[in-house]
Enquirer: 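Here it is, the structure, as structure tokens.
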Amino acid sequence: MPKMTIPLHGEVDQTVPLSVREVLARRIDPQVMGNVVAGRLDGRPVDLSTPLASDAVLEPVMGDEPLGLEILRHSTAHLLAHAVKRLHPQAQITIGPVIEDGFYYDFLVEPPFSAEDLPGIERVMREIVAEDWPIERRVMTRDEAIRFFSERGEAYKAEIIREIPEGEVISLYRQGEFQDLCRGPHVPSTGRLRDFKLTQVAGAYWRGDSRNVMLTRVYGTAWASPEALAQYLERIEEAEKRDHRRLAKLMDLFHFQEEAPGMVFWHETGWLLYRIIEDYVRGKLAAAGYREVHTPLMLDRTLWERSGHADKFGTQMFSVVVENREYAIKPMNCPAHVQIFNQGIRSYRELPLRLAEFGVCHRNEPSGTLHGLLRARAFVQDDAHIFCTPDQVEPEAVAFIRLLFDVYRDFGFTDIEIKLSTRPAQRVGDDELWDRAEQALSQALQHQNLSFAIQPGEGAFYGPKIEFSLRDTLGRVWQCGTLQLDYVLPERLGASFVNAHGDKERVVMLHRAILGSLERFIGILLEHHAGALPLWLAPVQVALLTITDQQDGYARQVARVLEQAGLRVCLDLRNEKIGLKIRERSIQRVPYLVVIGPKEAAAGRLAVRRQNGTNLGEISLENFVADLTRERNRRGLDVVED
RNA sequence: GCCGCAGUAACUCAGUUGGUAGAGUAGCUGAUUCGUAAUCAGCAAGUCGGAGGUUCGAAUCCUCUCUGCGGCACCA
């Protein structure tokens with residue numbers, strides 16, 4: 001409904017104060033009133049029960065607008081806590097905020113809930129809804145509130161109240177026998193909460209700190225209508241269908257197994273995809289003046305001590321002991337690249353020197369974090385280090401950002417988030433150096449009219465950095481690209497050059513990656529496209545499907561022509577029905593399926609259909625090759641014209 | 001690493017209170033030569049993640065351990 005604004009002049013009767021609900025009910029159709037969850041008084045969200053004390057401007061807050069949904073979800077979080085307390089009076093309530101698409105509530109409860117407890121909790125929630133308790137606000141002093149919760153054994157609530165700043169109003173909301181500390185506002189009664197579902201349980205640390213106790217977190221979702229709830233649940237299902245680990249099985253790309261946790265077994269088709277991407281980036285880097293190198297997988301521990309990695313990340317490095325020497329498997333390539341830079345005496349004339357490497361890195365990621373390709377222990381980055389003079393930092397940054405956007409566009413990603421992380425409290429280098437470094441990076445971004453967020457204090461101790469994140473079709477954000485300025489590593493590993501005056505000068509290093517880990521990027525790509533990769537990336541681009549063995553000869557000829565045009569072809573001559581062949585290749589996400597029967601063989605043509613089921617009808621081989629070549633070469637710029 | 005859950009045939013899963021494992025798909029064999037998302041029949045297939053324990057007897061109960069899944073913390 002259109003936003004309604006009610007100026008209250010003349011509506012407020014000082015002797016008998018009206019509530020927000022009463023005033024709104026005078027203007028709003030009773031049926032519509034059922035969707036009003038709260039009011040906005042001079043722009044401030046308030047409960048419907050709020051008495052109107054003075055003239056103001058009042059608007060209704062509908063359940064399906066963003067603020068209204070937030071209120072619904074927050075009230076549903078209270079409902080959840082209410083149900084939990086009813087089932088487990090000894091449980092302690094802590095916090096229950098609204099999050100994207102839902103809410104959660106953290107409890108201290110022994111033993112912790114498991115997923116089987118959710119239906120029972122949900123049942124009690126629905127009972128409380130049926131009881132339709134009014135939700136009432138009241139205000140307490142700090143001491144009253146602390147005493148109130150302490151007496152009820154709610155130590156966490158009391159702790160939260162102690163930390164509320166002086167002068168802030170402390171309000172509680174009551175529904176039946178349950179009361180919770182809350183700023184509000186809330187829906188007027190529990191009967192208003194209908195379209196919700198508890199989705200999962202998980203452990204979560206009190207205050208997000210792993211040194212604290214682990215609480216039990218219950219996640220839920222709530223919406224303004226059954227349709228909206230159903231739509232959300234469908235969206236979740238859709239996302240599950242896109243899971244890259246599931247797609248990998250269907251498409252026969254890779255697998256994991258117990259003996260190599262977090263490390264990928266790439267199958268033939270998956271490795272083909274991997275090489276397509278690696279070769280593409282390799283070409284881009286070469287064109288941008290990078291030199292590709294290759295360095296050892298493991299290096300003596302002493303080098304990592306000198307570089308500072310052993311100190312900071314030692315526990316996350318794999319190591320091997322042989323003949324009393326300890327080698328650390330590299331978690332990154334940079335110290336090795338410095339070794340290459342350090343061979344001989346470098347002149348300023350050689351700078352900038354850009355060293356790239358597709359080297360396998362290993363990081364002992366904590367076991368609980370592994371997640372298919374998206375968080376692996378062995379991976380390859382499109383990694384490179386630029387050794388340059390301080391003056392070259394900005395132009396190098398500009399060139400890098402251009403290259404990065406070029407690459408992202410080819411992969412079909414245009415929605416990029418940029419964050420600049422500036423000097424942290426713990427850092428090395430003087431302020432003047434940091435001023436210059438931060439300015440070089442931010443000017444490089446501004447130079448290209450890119451908008452970016454600043455994350456103050458989030459830079460690495462050795463220099464500021466820019467992070468580039470992609471937003472995929474499901475709206476999820478993935479950090480991929482990075483550009484980091486580093487003054488420390490050259491210092492620690494003694495990397496310098498001779499400047500134009502013949503003096504030795506410390507070189508500046510830029511760490512940079514565009515895709516980040518190739519493994520992770522492939523996982524993102526698969527989920528982004530639901531496995532249906534753009535033509536240029538598809539490991540198999542065309543499947544030729546024969547109707548009977550009478551067409552084998554013609555199909556072979558067609559395959560040869562397509563292969564000569566540089567297309568990746570699968571020739572399916574099996575004695576199977578065409579329906580089965582189409583089904584299998586569709587599941588494998590082959591972009592183009594070509595049916596070859598007696599008709600096509602006789603006419604020397606092709607019956608073409610897309611992976612998504614669109615039938616393109618009969619095409620000549622010549623036109624087919626031309627169309628596909630064009631589509632392939634367009635890469636990310638392709639707009640499929642159906 | 002922490003909390004919860006799970007691990008049964010190549011894959012997806014079923015297997016009531018303990019009584020020596022079952023389906024669909026894939027595979028193999030045979031038949032079928034077929035027009036746009038599953039042709040039919042037969043056969044074969046499992047130390048029930050691993051180790052230990054309880055028991056006359058364990059996929060099932062207990063302990064330990066590994067791996068995976070969902071979160072949390074972490075992510076150079």
Side-chain angles (χ1 to χ4, degrees), chain A residues 104 106 109-118 199-219 240 243 245-246 249-250 252 255-262 304 307-317 330-335 361 363-372 374-377 381 460-463 465 479 482 484 486 488-489 511 516-517 520 545-552 573-588 593-600 607-617:
Chain A
Y104 66 78
D106 286 350
V109 58
E110 251 339 294
F113 295 136
S114 75
E116 280 106 75
D117 296 314
L118 294 186
T199 50
Q200 54 187 345
V201 284
Y205 299 108
W206 167 239
R207 308 207 153 193
D209 188 328
S210 58
R211 287 166 303 190
N212 291 341
V213 290
M214 180 150 283
L215 306 168
T216 300
R217 175 171 297 178
V218 177
Y219 284 94
E240 275 165 19
D243 190 301
R245 294 161 298 194
R246 182 180 160 273
K249 264 180 198 140
L250 297 179
D252 191 19
H255 83 271
F256 287 92
Q257 69 185 50
E258 281 198 25
E259 291 82 351
W304 300 104
S307 73
H309 290 91
D311 192 33
K312 286 227 137 210
F313 310 107
T315 55
Q316 292 193 58
M317 283 162 66
K330 63 179 172 186
M332 48 181 45
N333 301 304
C334 34
C361 292
R363 294 180 187 176
N364 186 18
E365 302 284 3
S367 55
T369 65
L370 301 180
H371 185 88
L374 300 180
R375 189 84 176 262
R377 282 187 175 149
Q381 289 173 290
F461 72 94
Y462 50 75
K465 62 179 175 184
Q479 198 231 301
T482 184
Q484 302 187 20
D486 189 350
V488 174
L489 199 61
H511 305 251
S517 140
R520 185 159 176 277
L545 316 175
T546 50
I547 301 280
T548 76
D549 55 14
Q550 297 302 301
Q551 291 86 50
D552 287 4
L573 304 178
R574 291 175 305 163
N575 175 16
E576 294 291 352
K577 294 199 155 183
I578 195 67
L580 183 89
K581 293 186 181 183
I582 286 172
R583 180 183 153 79
E584 287 183 355
R585 303 302 163 185
S586 298
I587 287 171
Q588 289 165 11
L593 305 183
V594 176
V595 176
I596 296 177
K599 263 189 290 174
E600 289 76 19
V608 181
R609 118 184 208 140
R610 273 218 184 82
Q611 190 271 341
N612 64 16
T614 321
N615 198 335
L616 301 183

Enquirer: Within this structure, what is the OH-to-C1' distance between A:Tyr219 and B:C5, rounded to whole angstrom?
Expert: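 That distance rounds to 15 Å.
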Enquirer: Does a side-chain N or O of A:Ser210 approach OP1 or OP2 of B:C2 to a distance below 4.0 Å, or not?
Expert: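 For A:Ser210, the contact criterion (side-chain N or O under 4.0 Å from OP1 or OP2 of B:C2) is not met.
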Enquirer: Within the structure, does a side-chain N or O atom of A:Arg245 lie under 4.0 Å from either OP1 or OP2 of B:G70?
Expert: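 Answer yes for this pair, as a side-chain N or O of A:Arg245 is under 4.0 Å from OP1 or OP2.
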Enquirer: Can you tell me how far P of B:C75 sits from CZ of A:Arg520, to the nearest Å?
Expert: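 It is 14 Å, rounded to the nearest whole Å.
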Enquirer: Partner lookup for B:A21, please. Criteria are Watson-Crick or G-U wobble with both distances under 3.5 angstrom; report none if nothing qualifies.
Expert: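 Because no pair has both required distances under 3.5 Å, B:A21 counts as unpaired.
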Enquirer: What's A:Arg363 touching, base or sugar-phosphate or nothing? Going by heavy atoms closer than 4.0 Å.
Expert: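 Counting heavy atoms under 4.0 Å across all strands, the contact made by A:Arg363 includes a base.
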Enquirer: Have a look at A:Leu370 and say if it touches a base, only the backbone sugar-phosphate, or nothing, with a 4.0 Å heavy-atom cut-off.
Expert: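 Counting heavy atoms under 4.0 Å across all strands, the contact made by A:Leu370 is with sugar-phosphate only.
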Enquirer: At less than 3.5 Å, do the side-chain atoms of A:Tyr205 and the base atoms of B:G71 form a donor-acceptor pair?
Expert: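 No such pair is found, so the answer is no.
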Enquirer: Does B:C2 have a Watson-Crick or wobble mate here (both distances under 3.5 Å), and if so which one?
Expert: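 Pair assignment: B:C2 / B:G71.
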Enquirer: B:U16 pairs with which nucleotide, Watson-Crick or G-U wobble, both distances below 3.5 Å?
Expert: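 Paired with no nucleotide.
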Enquirer: How far does the C1' atom of B:A9 sit from the matching atom of B:U47, given to the nearest Å?
Expert: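 That atom pair is separated by 13 Å.
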Enquirer: Treating primed atoms plus P, OP1 and OP2 as sugar-phosphate and everything else as base, which nucleotides of nucleotides 31-42 of chain B get B, S or - for protein heavy atoms under 4.0 Å?
Expert: -BBBBBBBB---
Enquirer: Counting only side-chain N and O atoms of A:His371, is one of them less than 4.0 Å from OP1 or OP2 of B:G70?
Expert: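 Yes, A:His371 has a side-chain N/O under 4.0 Å of OP1/OP2 on B:G70.
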Enquirer: Check the distance between B:C3's P and A:Asp209's CG and give it to me in whole angstrom.
Expert: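 Atom CG in A:Asp209 sits about 16 Å away from atom P in B:C3.
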Enquirer: Could you state the atom-to-atom distance from CZ of A:Arg377 to C1' of B:C74 in whole Å?
Expert: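 Answer to the nearest Å: 13 Å.
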Enquirer: Counting any heavy atom closer than 4.0 Å, what does A:Tyr104 reach on the DNA or RNA strands: base, sugar-phosphate only, or nothing?
Expert: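 Contact class for A:Tyr104: none.
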Enquirer: Nearest to the side chain of A:Thr369 - B:C66, B:A73, B:C3?
Expert: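 In terms of side-chain proximity for A:Thr369, the closest of B:C66, B:A73, B:C3 is B:A73.
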Enquirer: Going through the distances and angles, do A:Glu240 and A:Arg245 end up as a salt bridge (charged side-chain N to carboxylate O under 4.0 Å, His left out)?
Expert: CA-CA 10 Å; A:Glu240 275 165 19; A:Arg245 294 161 298 194; over 6 Å; no
